[in-house]
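Just so it is clear, the structure is predicted and the values come from calculations on it, not from any experiment.
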Amino acid sequence: MSNSFSNQFRSVIEWQDPKPETLFEKWTESGDEIKNASKLIINPGQGCLFVYEGKVEGVFEEEGLYDLKTENIPFWTTIKNAMYKFESAHKVGIFFYRKAEMQNIRWGTPSPITYKDPVYNFPVGLGAFGNFSFRITKPVDFFTNVLAGDNYYPVKAIQKVILSRITQPISDFLANASFSYAEIDKHRNEIASFSKDSCTQIFDELGFELLDFRIEGTSFDEETKTRIGRIADMSAEAQAMKELGVSYQDYQQLEALKNMSKNEGGGNIGMQMGAGLGMGQMMGNMMTNQSNQQQQPSQQQNNTPQADDPMQKLEKLKKMFDAGFIDEQEYKQKKQEILSQF
């Protein structure tokens, strides 16, 4: 920090070009500059504390130009007289502080919050992150209880203190709320509102006002994402089997036969051929069963059996191929068998 003055007998006290990461900073000076100071400049977004013998004797919170020699500032006269008498520049301290709003301060849960998902009924790990804005409202209390006379105090120092205190109530809220994986994004505003309400007192106790609190996003741990992905895949397969009229047991048998027929480990050729024949027979039975189910109402009405419809078989075969139950080679082979019946 630098200061400007016209000469030894007329100095100006001013906080010039403070860095945005600075919250409190002591004005550096020589004894003569303080004793002969005639002007104090408080720029926009700044405040100033006068400290003597370890005690705050004066606070300047409004921006402007102050005439220290003519205005009614009793403590200033006391300070100068004491300094002249004892010739000690260490008995007085002038501290400027950042009064402007501190914006876009990052926050985030330090580790995933674990709770049981109410929909999927297994443990999940949830994290949340965002930003907040605040400003100092009790500079004297903060200076006395936290700064304790240090010459410099950065914003990141109080940020660390705040983060250590606000993450616990937010974590407790998320754990107790137990938002489902599929619905967490719908509750962002609710999380932000609770977080701001629960953190207001924490900021006030430290001497600050919480102006804004935002949730930018939530994220689940990789284990949770993997589990949800598997459930989604199984749900899609179950829906496809339902539309095709295939039972889960039939599907499992079909997958086992496919794995046997595609064995690349040099196994028994007869076993592989047998698996292939069994798979073909099973697909035929699955398609026949569905055709019979579709024809059953008509049979009840006419009381006459109907032959399997090749077109229905082809339609069923195409659905099985589109659903990934059979590969292209199996699809073409079975298709040719059905077409040969025409």
Side-chain angles (χ1 to χ4, degrees), residues 1-103 105 133-162 203 206-209 211:
M1 183 188 305
S2 61
N3 56 295
S4 60
F5 55 94
S6 58
N7 54 54
Q8 179 180 349
F9 302 102
R10 182 178 180 82
S11 65
V12 175
I13 299 174
E14 180 182 10
W15 194 19
Q16 295 180 344
D17 301 322
K19 296 180 175 59
E21 66 270 17
T22 301
L23 181 59
F24 268 84
E25 187 171 12
K26 184 178 181 180
W27 186 76
T28 57
E29 80 298 318
S30 68
D32 286 340
E33 289 169 25
I34 288 184
K35 287 185 288 187
N36 295 315
S38 59
K39 304 290 182 182
L40 171 67
I41 298 177
I42 305 296
N43 291 310
Q46 298 179 4
C48 182
L49 303 181
F50 277 75
V51 181
Y52 177 67
E53 295 288 1
K55 182 180 178 181
V56 177
E57 296 288 355
V59 182
F60 291 86
E61 295 184 303
E62 299 296 328
E63 62 185 71
L65 176 65
Y66 296 85
D67 189 335
L68 298 176
K69 290 191 173 181
T70 61
E71 295 188 10
N72 184 21
I73 310 177
F75 72 87
W76 178 245
T77 303
T78 302
I79 289 174
K80 288 199 296 181
N81 291 338
M83 291 181 64
Y84 273 116
K85 180 177 180 181
F86 297 104
E87 298 182 354
S88 172
H90 300 288
K91 294 182 178 294
V92 64
I94 299 174
F95 291 84
F96 285 94
Y97 64 92
R98 177 186 175 91
K99 195 175 65 175
E101 180 178 342
M102 285 160 273
Q103 300 177 333
I105 305 300
S133 300
F134 69 106
R135 67 185 174 197
I136 192 166
T137 54
K138 303 175 183 177
V140 176
D141 290 348
F142 183 83
F143 179 87
T144 304
N145 300 324
V146 180
L147 192 64
D150 286 349
N151 292 343
Y152 180 78
Y153 196 91
V155 173
K156 65 180 180 180
I158 190 59
Q159 178 184 359
K160 184 181 299 185
V161 174
I162 290 172
F203 278 80
L206 291 171
F208 296 89
E209 177 187 6
L211 303 173

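Between atom OG1 of residue T22 and atom OH of residue Y153 there is a gap of 12.5 Å, rounded to the nearest 0.5 Å. F96 CZ to E14 CD: the interatomic distance, rounded to the nearest 0.5 Å, is 7.5 Å. Within the model, atoms OH of Y66 and CD1 of I41 stand 12.0 Å from one another, a figure rounded to the nearest 0.5 Å. Put simply, CG on L206 and CD1 on I162 are 6.0 Å apart, with the number rounded to the nearest 0.5 Å.
Every ring-ring contact (aromatic ring centres under 6.0 Å, His included) that Y97 has, sequence neighbours left out, goes to F24. Checked against side chain to side chain contact (heavy atoms under 4.5 Å, CB included), K160 has no partners two or more places apart in sequence or in another chain. The side chain to side chain contact (heavy atoms under 4.5 Å, CB included) search around K55 returns E57, not counting sequence neighbours. Every ring-ring contact (aromatic ring centres under 6.0 Å, His included) that F208 has, sequence neighbours left out, goes to F134, F142. Taking F95 as the reference, F143 meet the ring-ring contact (aromatic ring centres under 6.0 Å, His included) condition, with sequence neighbours excluded.
Nearest heavy-atom pair, P139 versus E61, reported as atom, atom and distance to 0.1 Å: CG-OE2, 3.9 Å. Taking both residues in full, the closest heavy atoms of W15 and L23 are given as CH2-O, 4.4 Å, listed atom of the first, atom of the second, then distance. Taking each heavy atom of I136 and R98 in turn, the nearest pair found is CG2-O, 3.4 Å. Of all non-hydrogen atoms in L40 and C48, the two that sit nearest each other are CD1-SG, 4.4 Å.
Contact annotation: the side chain of P154 never approaches that of K19 to less than 4.5 Å [non-hydrogen atoms, C-beta and beyond]. Within the 4.5 Å cutoff, the side chain of I42 has no heavy atoms near those of the E62 side chain.
Put simply, the side chain of E25 never gets that close to the backbone of P18: no donor and acceptor are under 3.5 Å apart.
Note on residues 134-151: pairs passing side-chain hydrogen bond (donor to acceptor under 3.5 Å, both in side chains), not counting sequence neighbours, are R135-E209, K138-D204.
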